[in-house]
Amino acid sequence: MSNRKGKLHIYNSLSGKKEHFEPIHQDHVGMYVCGPTLYSEPHMGNMRTFINFDMIYRYLLFLDYRVKYVRNITDAGHITNSAGEAVDSIGKAARLEQVQSLEIVYKYNVKFQELQRIYNLLPPSIEPTATGHIQEQIEIIEKILDNGLAYVVNGSVYFDVKAYSEKFNYGILSGRKVDELAEETRTLNAQDEKRFFADFALWKKANPEDMQIWRSPWGDGNPGWHIECTAMSTKYLGTQFDIHGGGLDLKFPHHEDEIAQNCGSFGCNPAKIWMHANMLNVNGQKMSKSLGNFFLPKEIVEGTTPLFSKGFSPDVLRFFMMQAHYRSTLDFTEEALNAAEKGYTRLSDAIQLLDKLPTGETSSFDVSALVDSFYTAMDDDFNTPILIANLFEAAKRVNLINDKVDTISLNDLKLLSTHLIAFVKEILGLQLNVAQSDAKLAPVMDLVLDLRAQARANKDWTTSDKIRDGLAAAGIIVKDGKEGTSWS
RNA sequence: GUGAGCGUGGCGGAAUGGUUACGCACCGGAUUGCAAAUCCGUAAGCCGAAAGGUAUGCAGGUUCGAGUCCUGUCGCUCACUCCA
């Protein structure tokens, strides 16, 4: 599959255009994605971002790139917001639950790992933690200070946006202008130590009530919100790497400030390509606790959220998300989820048929063109909706072959089968959970269906329908086809 | 207020400036004892009896040609405060 490399185009938030993807180091890809902050259980919106980047990671792997995928875990409280106020979200959660910060982090990390398993996310190459890289963060802050782009005030260090913007373009990612930022009506906090509104904390002096405190050249304190990503991406991927991803809501200020820190310390933008996954809405609005449209990834699987009348399998949820492009907002509604569930079943049923298909001398349609269309869709900025449309074209062909309307040669069937399964399972990450074929159940089913066939032959519909309905109640669906009866 | 983006059929959601994909729902047909599943097809907003016309929030513009580009306008989402 490696000959398929080289056609991939990715939308770059920096340029606002789709760009031909060429890795910095041939055949190797470095990708950094902003991971979760572990002060609460990740919600469905968080999961959408991680699922989208999981799909991107999977396709890069499938193209035979050697990918180093780094996704950080924020386990240090974001100690300050840009107004300089203390916002230690982890510490706050710890006080609320009356436990130590580490317990909070550990608790939600366990939950996050469980969600990754449920939603079939491949583990990243590395999941570094902020607290494990305090020294690296301090070293980068020192570099920025040495370059004259930060200043120390009363035990805290701030990034000097005005000085920076004389050499670099602050706002290159978000489209913001430093001059306009200055005109914003937002008033500076009275005790604010910053020289300029847009300046942001690299290091913040500790407050007495802080639960996590580290030593630094500027005194005891905490790292700023953005510096951990700069430190960890540099450590594991170098000062410049291929792809940096995250949710759209991180574009400003978080990613803008990461660029500033990287340029301010190493003189270059950390990533060639910046990718942003769009938000998830529920009934037309951003998911939020105050709006009452909030639910957890586990609740929707278990069917315990009052927003939906039933649960949906992780496969259906992944499929549903993959039907929308990663750069579009996606609206969660029960009607849309039900539609996705049916569509997913149709696709997965067709895949189950693959190894039972009859082969012929020739194929009645262009199989390799169909397979190429899978790649073409993904090469166009990971266009999973188009991919799925093409997969349905394949599913239709599979059904037609099964009905003996279309024919396929043995070689073509191998080609189609391999790719159909690869794109669905390996790239979209759908697990195709088949009812476990129990070694004891199969002969029992053979017997039961044989009895039903006899009843049908005798036109004993009462008995045959009793068997069918009884099996349905047990979760086994009987399908009467031209070639006999199957079950699943 | 400032920045980014979006507005397409009943629903979800695609479309390098070139016939509005695909899935679900609906309708008709094939298949079936009846279903389910599968296949084929119509249709999909508005005007019209029909032919046809007009339709991608609305109003203009550029173009042989606009969902796509430009201007204005209305609405929505996100960001500017912890955010995926």
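Please read these numbers as outputs of a predicted model, since none were measured by experiment.
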Please state whether the phosphate of B/G33, meaning OP1 or OP2, lies under 4.0 angstrom from any side-chain nitrogen or oxygen of A/Asn458.
no
Closest-nucleotide mapping onto RNA chain B: is A/Gly16 or A/Val478 further toward the 5' terminus? I mean the 5' end.
A/Gly16
Nearest whole Å is fine: how far is B/A84 P from A/Leu250 CG?
6 Å
Which letter, B, S or -, goes with each nucleotide of nucleotides 38-45 of chain B from 5' to 3', with contact meaning a protein heavy atom under 4.0 Å?
SSS-----
Give a yes or no on whether a donor-acceptor pair under 3.5 Å exists between the nucleobase atoms of B/G33, that is its base, and the side chain of A/Asp465.
yes
Side chain of A/Phe50 (C-beta onward), nearest among B/C11, B/A84, B/U16:
B/A84
Under 4.0 Å, counting only non-hydrogen atoms across every strand here, what does A/Ala324 touch: a base, just sugar-phosphate, or nothing?
sugar-phosphate
Within the structure shown, what part of the strands sits under 4.0 Å from A/Ser328 by heavy-atom distance: base, sugar-phosphate, or nothing?
sugar-phosphate
Would you say that A/Asp242 contacts A/Met31 through its side chain, given a criterion of any heavy-atom pair below 4.5 Å between the two side chains?
no
Roughly how far apart are A/Leu173 CG and A/Asn269 CG, rounded to 0.5 Å?
8.0 Å
Under 3.5 Å, is there any donor-acceptor pair linking the side chain of A/Arg71 to the base of B/A84?
no
Which sits closer to the 5' end of RNA chain B, A/Gly45 or A/Lys251, going by the nucleotide each is nearest to?
A/Lys251
Specify the separation, in whole Å, of atom CD1 of A/Ile388 and atom C1' of B/A15.
16 Å
To the side chain of A/Gln323, which of B/G23, B/C78, B/C80 is closest?
B/G23
Closest listed nucleotide, where the reference is the side chain of A/Arg452 and the choices are B/A37, B/A84, B/G33:
B/G33
Atom pair NE2/CZ of A/His419 and A/Phe374 - distance to nearest 0.5 Å:
8.5 Å
Quick one, A/Tyr11 and A/Tyr326 - any side-chain contact, counting heavy atoms below 4.5 Å?
yes
Which is true for A/Phe53 with a 4.0 Å heavy-atom rule: it touches a base, it touches only sugar-phosphate, or it touches nothing?
nothing
Report the secondary structure of RNA chain B in dot-bracket form, marking unpaired bases with a dot and bases paired to a different strand with |, and treating Watson-Crick or G-U pairs with both distances under 3.5 Å as paired.
(((((((..(((.....[...)))..((((.......))))...(((....)))..(((((..]....))))))))))))....
So A/Gly175, base contact, sugar-phosphate only, or nothing? Heavy-atom distance under 4.0 Å.
sugar-phosphate
Could you tell me whether A/His254 contacts a base, only the sugar-phosphate backbone, or nothing, with contacts defined as non-hydrogen atoms closer than 4.0 Å?
nothing
Determine, using ring centers only, whether A/His226 and A/Phe200 are less than 6.0 Å apart.
yes
Hey, is A/Asp379 close enough to A/Lys7 for a salt bridge, meaning N to O under 4.0 Å?
no
Would you kindly check whether a donor in the side chain of A/Arg468 faces an acceptor in the base of B/A35, or vice versa, at under 3.5 angstrom?
yes
Rounded to the nearest 0.5 angstrom, the CG-OG distance for A/Leu387 and A/Ser373 is 8.0 Å
Student check: side-chain heavy atoms of A/Ile401 and A/Asp403 closer than 4.5 Å
no
Quick one about A/Glu258 and A/Gln261 (side-chain donor to acceptor, distance below 3.5 Å, no hydrogens or angles considered), yes or no?
no
I need the CG-C1' distance between A/Leu173 and B/G5, as an integer number of Å.
13 Å
Under 4.0 angstrom, heavy atoms only, what part of the nucleic acid is A/Leu330 near: base, sugar-phosphate, or nothing?
sugar-phosphate
Please report, rounded to the nearest Å, how far the P atom of B/A4 is from the CG atom of A/Leu14.
14 Å
Just how far, in rounded Å, is P of B/U81 from CG of A/Asp199?
13 Å
Can you tell me how far P of B/U81 sits from NE2 of A/His226, to the nearest Å?
10 Å
Which of the following nucleotides, B/C80, B/A14, B/A84, is nearest to the side chain of A/Pro385?
B/A14
A/Phe392 has an atom CZ; how far is it from atom P of B/A37, in whole Å?
14 Å
Is there a donor and acceptor pair closer than 3.5 Å between the side chain of A/Asp480 and the base of B/A35?
yes
Side chain of A/Asn281 only, please: which of B/U77, B/A37, B/A84 is the nearest?
B/U77
Checking contacts here: which listed nucleotide (B/G12, B/U77, B/A14) is nearest the side-chain heavy atoms of A/Thr329?
B/U77
Taking atom C1' in both B/C27 and B/G9, what distance in whole Å separates the two?
15 Å
Nucleotide nearest A/Pro253 when distance is taken to its side chain, options B/A84, B/C80, B/U32
B/C80
Base, sugar-phosphate or nothing for A/Asp331? Non-hydrogen atoms, less than 4.0 Å.
sugar-phosphate
Check the distance between B/G3's P and A/Leu248's CG and give it to me in whole angstrom.
17 Å
Across the strands shown, which category fits A/Ala336 at heavy-atom distances under 4.0 angstrom: base, sugar-phosphate, nothing?
sugar-phosphate
Go through the structure and list residues passing side-chain hydrogen bond (donor to acceptor under 3.5 Å, both in side chains) with A/Tyr69, not counting sequence neighbours.
none
Any carboxylate oxygen within less than 4.0 angstrom of a Lys/Arg side-chain nitrogen, looking at A/Lys205 and A/Glu193?
no
Mind checking if A/Gly35 touches a base, just sugar-phosphate, or nothing, with heavy atoms under 4.0 Å?
sugar-phosphate
At 4.0 Å (heavy atoms only), tell me whether A/Lys459 reaches a base, stays on the sugar-phosphate, or touches nothing.
nothing
Less than 3.5 Å apart, any donor N or O on the side chain of A/Glu341 or A/Thr345 sitting next to an acceptor on the other?
no
